[in-house]
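Working notes, structure below.
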2 protein chains.
Amino acid sequence: MSALKLANLPESTRRLAETSPTLPEGVRPSGPRGIVLDAALRLFAEHGFAGASIRDIAQAAGVQPATFYAHYPSKEHLLADLIRIGHEAHHQRLRAALLDSSPDPRQQLMAYVRAHVRMHCELSMLAIVANSELHVLNAELAGPAATLREQSTQLLAEVIERGRRAGVFSVPDTWLAVAAIGGMGLRVAYWFSSHHELSAETVADTYAQFACRIVGVHDSNGVQK
Amino acid sequence: MSALKLANLPESTRRLAETSPTLPEGVRPSGPRGIVLDAALRLFAEHGFAGASIRDIAQAAGVQPATFYAHYPSKEHLLADLIRIGHEAHHQRLRAALLDSSPDPRQQLMAYVRAHVRMHCELSMLAIVANSELHVLNAELAGPAATLREQSTQLLAEVIERGRRAGVFSVPDTWLAVAAIGGMGLRVAYWFSSHHELSAETVADTYAQFACRIVGVHDSNGVQK
DNA sequence: GTCTATATGAAGATAGAC
DNA sequence: GTCTATCTTCATATAGAC
């Protein structure tokens, strides 16, 4: 990708709606390293890992390409850092949501989905990079994130299984429900942006209602028309 | 991506479960052009457009890199061809499903989702490339596919709107229901494979049931537990 | 830490023989 | 149509001055 193409982006269909990179509270390094991380987050989200070069990232960060290597040993390590941050933020929010929830399976499901969707709204670039570029990393660098991903999926599976055993949920296949609920939330990162007419809260609440319906729970509160 | 990395793929997390490229009936060219198209489909699906080189594609197809240019004027035109094929196959299947369906909104929704999900099972690599690489194309090459995509989305929106007006469906926001139902089906392409323990039919039927539930329709038939 | 300059290889694409 | 050979640009990454 040339610098010229970067400037001409608006002419082509965008990969995602969001235009500004956001990193979770407290993890963004100060100084040039944070600027480089922001630039890489945006460019990896928009063009993918292979579609954004060190030169592109350095230019977007306002430094020379060689300066990048004062902060990261390689482009792949930079990606690994972003993917780690993304998976940790995701998993931590899910776990916190479940810990704050009442033990009722329906409340747990709604808490999980709300946190899942809110993360994909508020950290959409990070979610896209973490989800769609993990395959680029070698086994050693991908391992920790892959483990977190599996644990996050497992959390949802357990919520649904508990609801089934309690006779509250009714689904033909737990794994398919997990895939459907997780997948629909994941896709939010591509069309949501901080300028969307709907708020992240509204989207999260509505998707939580959709998730309840998927597992066969009728509405008792929440958004309705 | 080097040839060496290609051979070592199993060591890293895969982007998708499917391993063999499939093109829709009747559109795969015979001879070397079809072999090149198959090779590009697999490599673009696994590594993305920017992550697969002409040299990789040529090697996978068993020809020299220069031979590629006897069939396509550029790498971007090859991608445009795959994306066109994918969007046309998707749209044609959706339209056929709706035409074959009774006018009942619930039947139409199930027909749409079944076709949507089956396409993402049976042509998973094509769906991934068409969906996740469109942003690479310039406006001229992306235009036709973007139009088809919008029309396919609009079809689902109209089905849901009709169901709402008929008082059969109950959703807080048509667009969010479209995004959720479309998105969960799209994600199937990443985890389904021709060797999956569940059949494409089973997945499609279950997702059709999920879609009915999302729009607030109770079960009357279909998979249930 | 940041720079200029550069080593080394891989990228897309073409020339021209057969 | 396919090949060998090659042009040109861009890639990741490093050396070494400040």
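These values consider heavy atoms only, across backbone and side chains, with no hydrogens, waters or symmetry-generated copies. Here is the naming used below: chain letters follow the sequence lines, and residue numbers restart at 1 for every chain.
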Nucleotide [N], atom [atom2] - distance to [atom1] of [X] in whole Å:
{"X": "B:Phe68", "N": "C:dG12", "atom1": "CZ", "atom2": "P", "answer": "9 Å"}
{"X": "B:Leu79", "N": "C:dG12", "atom1": "CG", "atom2": "C1'", "answer": "15 Å"}
{"X": "A:Arg33", "N": "C:dG1", "atom1": "CZ", "atom2": "P", "answer": "9 Å"}
{"X": "B:Ile54", "N": "C:dG12", "atom1": "CD1", "atom2": "P", "answer": "5 Å"}
{"X": "B:His77", "N": "C:dA13", "atom1": "NE2", "atom2": "C1'", "answer": "14 Å"}
{"X": "B:Tyr69", "N": "D:dT6", "atom1": "OH", "atom2": "C1'", "answer": "14 Å"}
{"X": "A:His47", "N": "D:dA11", "atom1": "NE2", "atom2": "C1'", "answer": "16 Å"}
{"X": "B:Arg55", "N": "C:dT14", "atom1": "CZ", "atom2": "P", "answer": "13 Å"}

Donor-acceptor under 3.5 Å (B:Arg42 side chain, B:Ser20 main chain) |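 Such a contact is absent between B:Arg42 side chain and B:Ser20 backbone.
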
Considering only NZ, NE, NH1 and NH2 on the basic side and carboxylate oxygens on the acidic side, decide whether B:Arg93 and B:Glu88 come within less than 4.0 Å.
->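 Salt bridge flag = no for B:Glu88 with B:Arg93.
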
For C:dA10, does either OP1 or OP2 sit under 4.0 Å from a side-chain N or O belonging to B:Ser53?
->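 Indeed not, no polar side-chain atom of B:Ser53 lies that close.
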
Expected rows: protein N/O vs nucleotides 2-4 of chain D N/O, under 3.5 Å:
{"from": "D:dT2", "atom 1": "OP2", "to": "B:His71", "atom 2": "NE2", "distance (Å)": "2.6"}
{"from": "D:dC3", "atom 1": "OP2", "to": "B:Gln64", "atom 2": "N", "distance (Å)": "2.8"}
{"from": "D:dC3", "atom 1": "OP2", "to": "B:Thr67", "atom 2": "OG1", "distance (Å)": "2.5"}
{"from": "D:dT4", "atom 1": "OP2", "to": "B:Gln64", "atom 2": "OE1", "distance (Å)": "3.3"}

Residue pairs passing the salt bridge (charged side-chain N to carboxylate O under 4.0 Å, His left out) test where at least one lies in residues 138-154 of chain A, sequence neighbours excluded =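 Found none.
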
Would you please say whether a donor-acceptor pair under 3.5 Å links the side chains of B:His116 and B:His90?
->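 A pair is found: one side chain offers a donor N or O, the other an acceptor, under 3.5 Å apart.
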
Under 3.5 Å, which donor-acceptor pairs link side chains of residues 184-193 of chain B to any protein atom two or more places apart or in another chain?
{"from": "B:Ser193", "atom 1": "OG", "to": "B:His195", "atom 2": "N", "distance (Å)": "3.0"}

For the ring pair A:His91 and A:His87, is the centre-to-centre distance below 6.0 Å?
->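 Centroid distance A:His91-A:His87: not below 6.0 Å, so no.
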
